[in-house]
Asker: 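Attaching a single structure in structure tokens format; questions to follow.
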Amino acid sequence: MIIKLLFSTTVFLSAFLLFWLELFFAKLLLPNFGGGSAIWTSCLACFQLLLLLGYLYVHWANQRKKLTRRLTHLVLIILSLWDLPIHLKPWDFVGHPSLQIIGTILASIGSPLVVLAMSSSMLQGWFATPDRKPYFLYGMSNMGSLAALIAYPFAIEPTFTLSFQSIAWSLLFVLFLGLMEACRIVSRNNQASAKVTHQSAPNHLRIQWLWFSFVPSSLLAGITTYTTSDIAPSPIVWAIFLGLYLTTFILVFLPSPFLFPAEVKPIILMMVILSLGLYYMSGSRISPQLLSLNIVIFLGVIWSFHSELARLRPPAAQLAEFYVFVALGGCLGGLFNALVAPLIFPRLIEYPLMLAISAAWLRLPNEWAKSWFNPLCRVQALPAFRYSISICLAMLVVIPRPEPNFNVTTVVRSFYGAYQVGQTPTVRILLHGSTIHGEQKLDKSLSQVPGSYYSSGSPIDDVLQTISDRAHVAVVGLGAGEVASHSKPQQNWTFYELDPLIVEIARSSFTYLSEMQANHRIVTGDGRLELDKSPEQYDLIVLDAFSSDAVPMHLLTIEALKLFQSKLKPNGTIVYNITNGYVDLEEPLAQLASAAGLLGTMRQDRRDFGDRVEVGSPSDWVVLTSNRNQVAILKQHQWRDLQRGEMAVWRDDFSNLYSALRRHKSN
């Protein structure tokens, strides 16, 4: 009984630490790579790569002598301890940010992750004897994984700082290593007498294992990217989809498997067709209003594919190879979304495209062949018919629907986002995902008259009217450069833009910069990091940075605010654009203002512009300043004091997006 408890505790703790580390470290990376949605995609690909390495190690070790296994394991333990406490070790590689993220993960937490990834399989092998079945340990591993995915966003992240988490995680990891060594000691006789038999699986079976693990992995990365393009990337969103993915895996590999009901497949197929039809009709990516539908589709498709994996589970002699190929398929799915898709697709289409491809494997149940559905079942059973459906659906995704009043002229993509430039008969528009990031009127006599969030009478217009004609202005986030239309000849403006591709678009497709009256320059790089390097002092800092519809979280911490304050002249002003559809950022900024001793005021522009973006758009702006005169002037233009609540101050090592989401929903 004691041995069983020891192994159960060790396996549970290893799984808990594994998923805790994944969420914790991904959050740690956010401010270093612009806070965008692609960060988690790259992290997920690397985590799956390390999981594969863990399985490969176990598979390799089972074929080696005991002394070789012990020495190799000892080296891994030493390397993992060397990485404690957990902290960033940036990989200085000039190239694609995804490769930088993968390199940073490997350098920072590669060894601990491999040790944790291999532990479950290794512990099950140590425990197993003819009289002791290890399968309950698989259940304990699953319980530990789900416990971490629930505990992190709802208990650990809202309660503990990142620095405290690093120390706590490291101490628990050392405890885990001690427990694992205890397991090894009590099972020495099992290891000495263990005889590992192995048979190679046929190639056609290996291909199926790869495919049925590749598609769910790609869908996991894809739907998370779609969601976090509009909602700020955070562990709560990551954990939801990762938890659904893991739950389907658990269900299909239970001792009594709970496979996806065949009768439901036609419903999921119809939902896939409906969703992709709406995608095509919208002329854009999947609408946020259809997020619930897509969560159901995601769950149904990955559960169906994982059920196929369970049906293809081989005899015990091929299980090691089975797990390796399943991990390899998951790794390839993650790498496809992180590295390949951004290179071959100018739009963010990998999620709907993978849904279209998956439709060919959503077959009607065999039982229906005995009913009046028999003709349909016979037709759908033909591979050519199913593949034709997938090809037609894929064409809806790949070939954009032409809009009668919107002509797309540019479609490009980078690590930081997918962009479109298009024009109506009267205006040219820049889209990041589904969000407008600037516009310009085609009539040359009106080309410098701003619209959208920067229109005459907008909150940012109010602020810019209060500054000096000789002011020095910093703008974090360039977009189309529309805010530059408010500049005056004797002012000096500096734009900080993360994505070089946006700089190119602003210069080639819009004329705000070329016709700008003030002296100006553009600094490429993360606005917060580049401002920290700058020796300049500013009268006004405009924080207008977005990843699609999401405000980067690392610009909303007390450390960031203090940095911005240090770059202000006396009585200088910081203004935030917090316009977004999901997160209410008023209270976090109110808490920051109070902590920094600043006055905070806000205006929500709710004028009725209709659909005429060239006239204006609804927007929310917040001003933080020590200048009481400026606040008094702004309050004459419908500005009001910020509303404070009980929320804790956000810091670089502590933030709680969930609290802002809840408040937004309650309002």
Asker: Among W238, F25, F33, Y226, which residue meets the ring pair (Phe, Tyr, Trp, His ring centres under 6.0 Å) test with W40?
Answerer: W238
Asker: Could you pull out all residues at least two apart from F241 that satisfy ring-ring contact (aromatic ring centres under 6.0 Å, His included)?
Answerer: F298
Asker: Between V622 and I574, is any pair of side-chain heavy atoms under 4.5 Å apart?
Answerer: no
Asker: Going by distance alone, is a donor N or O of one side chain under 3.5 Å from an acceptor N or O of the other, for Y351 and N337?
Answerer: no
Asker: Going by the salt bridge (Lys or Arg N to Asp or Glu O under 4.0 Å) test, which pairs reach into residues 97-108, not counting sequence neighbours?
Answerer: none
Asker: I'd like to know if the side chain of T41 pairs up with that of T225 as donor and acceptor (distance under 3.5 Å, no hydrogens or angles considered).
Answerer: yes
Asker: With a 3.5 Å cut-off and no angle check, do the side chains of N32 and H554 form a donor-acceptor pair?
Answerer: no
Asker: Under 3.5 Å, side chain of K567 to main-chain N/O of S534, donor-acceptor pair present?
Answerer: yes
Asker: Between W169 and F24, does the ring centroid distance fall short of 6.0 Å?
Answerer: no
Asker: Could you tell me whether the side chain of I86 reaches within less than 4.5 Å of the side chain of I109, counting heavy atoms only?
Answerer: yes
Asker: Side-chain donor-acceptor pairs under 3.5 Å in residues 140-153, sequence neighbours left out?
Answerer:
residue, atom, partner, partner atom, Å
N142, ND2, Y138, O, 3.2
S145, OG, S141, O, 3.0
Y152, OH, Q165, OE1, 2.9

Asker: Got a donor-acceptor contact below 3.5 angstrom from the S217 side chain to the F214 backbone?
Answerer: no
Asker: From F325 CZ over to R206 CZ, what is the distance, rounded to the nearest 0.5 angstrom?
Answerer: 4.5 Å
Asker: Backbone N or O of I578 within a donor-acceptor pair of the N580 side chain at under 3.5 Å?
Answerer: yes
Asker: Report the distance from atom CD of Q565 to atom NZ of K562, rounding to the nearest 0.5 Å.
Answerer: 8.0 Å
Asker: Can you confirm whether the side chains of S98 and S42 place a donor and an acceptor under 3.5 Å from each other?
Answerer: yes
Asker: Verify whether one side chain among Y419 and R347 offers a donor that lies under 3.5 Å from an acceptor in the other.
Answerer: no
Asker: Return the CZ to OG1 distance between F546 and T579, rounded to the nearest 0.5 Å.
Answerer: 5.0 Å
Asker: For the CD1 atom of I101 and the CZ atom of F415, what is their distance to the nearest 0.5 Å?
Answerer: 3.5 Å
